[in-house]
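Notes for the one structure printed next.
Hydrogens, waters and symmetry mates play no part in the numbers below; they use all other heavy atoms, side chains included. So you know, we letter chains A, B, ... as the sequences are listed, proteins then strands, and number each from 1. Everything numeric in this text was worked out from a predicted model, so none of it was measured.
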Amino acid sequence: MTDESLMLCVKKNDLDKAAILYERYKKKLYQFFMYKNYNDQEKSEDCVQQVFYRVIKYRQSYTEGNNFRIWVYSIAKNIQYQDFKEQVKMDAAHASYQTDEAYTLVNDEHQAMLQALKLLPEQYREVLVMSRFLGMKYDEIAEINNCSVGVIKTRAFRAINSLREAYFKIA
Amino acid sequence: MKREETERLLADYTSGEIAPADMQVLEACFVQDPALKKEAEEMRAVWNMIGNEAESKPMSDTMDTQFFAMLQNEKLATPSKTAKVVQINTNWLKAVAAVAACILAFVGGRFTGMPAPVVEYKTVYVKQPATTIPQPIQQVQVVKQQPTPEKVVAKAPQQQPVKKDSVIDNSALALELRSVYASERIGAVMKMTGKGNLTDADLRRLGLALREDPSPNVRLTILDALRPLASRANVQAVLISLLSHQNDELIKSSIVDLLIDTKSRQAIPQMIALLDDKTTNPGMQNKIKAGIESFLN
């Protein structure tokens, strides 16, 4: 069964089908939130739970014919955005004793790549996570973000290029 | 080629989504600019590298546990289709039961309540006594003027051709004396006593009226009419006989007055009986005593 037909079953209160959708998307969403939350496992799992909670709670708002993947990532993006706003407030509250996070060169390739990802602007990082880690096409990302495919491609290029510069500086 | 277009082609090249036509364009750019080619290769290397990063931290089992617990709660909160059907059926049954109860109450109330009174309408014809005095002579004359056999047979056979005499007048007065109107009965009494020669039949009728007429006015009129004739023995006999049958104290008192005035000795036993009667008015008793004493003196 396709994701869309499963979601239609869920919409008709066949909630067992939600478990299938969960199995299909939990890993990708988890990765999405892991990169968004800088490898914070607990926070990412909590965000995945919130996504599926909203999928089930607002199942009646799903429109037949819509791409389920786009719909579910839109929910994920909203959750991440709300979480980001709360994070900004907390950061502002702790600004007085927070140390500046400076980009430091480390020899470990993976750690360097994570640091580079962390320092990317949010728009670039999001496109990179969606396209690379979640396997989404640029046009799908554009649809989720309500912008043109050209803008997404430009963001993707700049995100990868930034990482390249960071990585090859180390090298 | 503009820089923006090149960036978009490189983005497609890096992610592997580049179309064959675009790839040819990009390869042409690589030939012209080897630095661009190097940049593209490094970008692809970074792309592959961050792909491996995704497998770094696995999920915990608690996420699955929490999800299925949440799903179970949602299932419990959501009524199933069967439950909905049962609910709908229950609602229908409730509605049908309410309607049936209303009908049952209506029918039961109709058959167990107080029976409605049966009203029958009957037309009652009251045969009133003739208010006009028949004119037999005129009828006879009518028979003569219209000698049609059928009409003579229809009207004449029960009537005898008699002259206009007192018997006829008296019978007419007797009818008038039984009129429903008190004024007509009073008129009949006046006519009957006004003739002067009161027959026994008239006296009997007047006595009957004095005894049974519902109107005290009529009875008093009769007494007043009989007052000039009270000295006659037959009139006194009628009055004495009425004493024991008269319930109206006023009439009884008038009769006693009349008998005392005429000093009727035949009335003494009746008067003594009235004295012995405890229900007799004390005033009347005194009157009777005085009357009897006057008789004896």
Please classify the contact of [X] with chain B as side chain, backbone, both or neither, using a heavy-atom distance under 4.5 Å.
| X | result |
| --- | --- |
| A:D14 | neither |
| A:E23 | side chain |
| A:V10 | neither |
| A:Y30 | side chain |

Go through A:R158, A:R155, A:K153, A:K57 and name the one with the most non-hydrogen pairs under 4.5 angstrom from chain B.
->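 So the answer, after comparing A:R158, A:R155, A:K153, A:K57, is A:K153.
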
B:F68, part contacting chain A, at a heavy-atom distance under 4.5 Å |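 The answer is the side chain of B:F68.
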
Does any non-hydrogen side-chain atom of A:Q49 lie less than 4.5 Å from one of B:M63?
->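 Sidechains of A:Q49 and B:M63: in contact.
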
Flag side-chain contact, heavy atom, 4.5 Å: B:N48 against A:R132 |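 They are in side-chain contact.
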
Indicate yes or no: does B:E74 engage A:R59 in a salt bridge with an N to O separation below 4.0 Å.
->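 Looking at A:R59 together with B:E74, the answer is yes, because their closest N to O distance falls below 4.0 Å.
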
If you round to the nearest 0.5 Å, how far is [atom2] of [Y] from [atom1] of [X]?
| X | Y | atom1 | atom2 | result |
| --- | --- | --- | --- | --- |
| A:Q41 | B:T62 | CD | OG1 | 8.0 Å |
| B:D61 | A:E45 | CG | CD | 9.0 Å |
| A:N13 | B:K75 | CG | NZ | 11.5 Å |
| A:I160 | B:E7 | CD1 | CD | 11.0 Å |
| A:R164 | B:E41 | CZ | CD | 11.5 Å |

Minimum-distance pair of heavy atoms, taken over all atoms of A:F157 and B:M43 |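 Smallest interatomic distance, heavy atoms only, reads CD1-CE, 3.3 Å.
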
If you look at every heavy atom in B:L71 and A:L15, which pair is closest and at what distance?
->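 Closest heavy-atom pair between B:L71 and A:L15: CD1-O, 3.5 Å.
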
Around atom [atom1] of [X], are there more than 12 heavy atoms of other residues, nucleotides or ligands at under 6.0 Å?
| X | atom1 | value |
| --- | --- | --- |
| B:K37 | NZ | no |
| A:Y53 | OH | no |
| A:E64 | CD | no |
| A:K11 | NZ | yes |

Hey, which of B:M70, B:R44, B:E4 has the most heavy atom pairs under 4.5 Å with chain A?
->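 Ranked by contacts with chain A, first place is B:M70.
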
Backbone of B:A11 reached by a side-chain donor or acceptor of A:Y138 within 3.5 Å =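 Side chain of A:Y138 to backbone of B:A11: a pair is present.
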
Look at the side chain of B:R8 and the backbone N and O of A:G150, then say whether any donor-acceptor pair between them is shorter than 3.5 Å.
->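 Yes.
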
So B:Q66 and A:D46, side-chain contact (heavy atoms from CB on, under 4.5 Å) or not? Walk me through it.
-> CA-CA 9 Å; B:Q66 287 174 355; A:D46 188 49; 5.7 Å; no

For the residue pair A:Y22 and B:F67, does the interplanar ring angle fall in the parallel (under 30°), tilted (30 to 60°) or perpendicular (over 60°) class?
->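 Ring orientation, 0 to 90° scale: parallel.
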
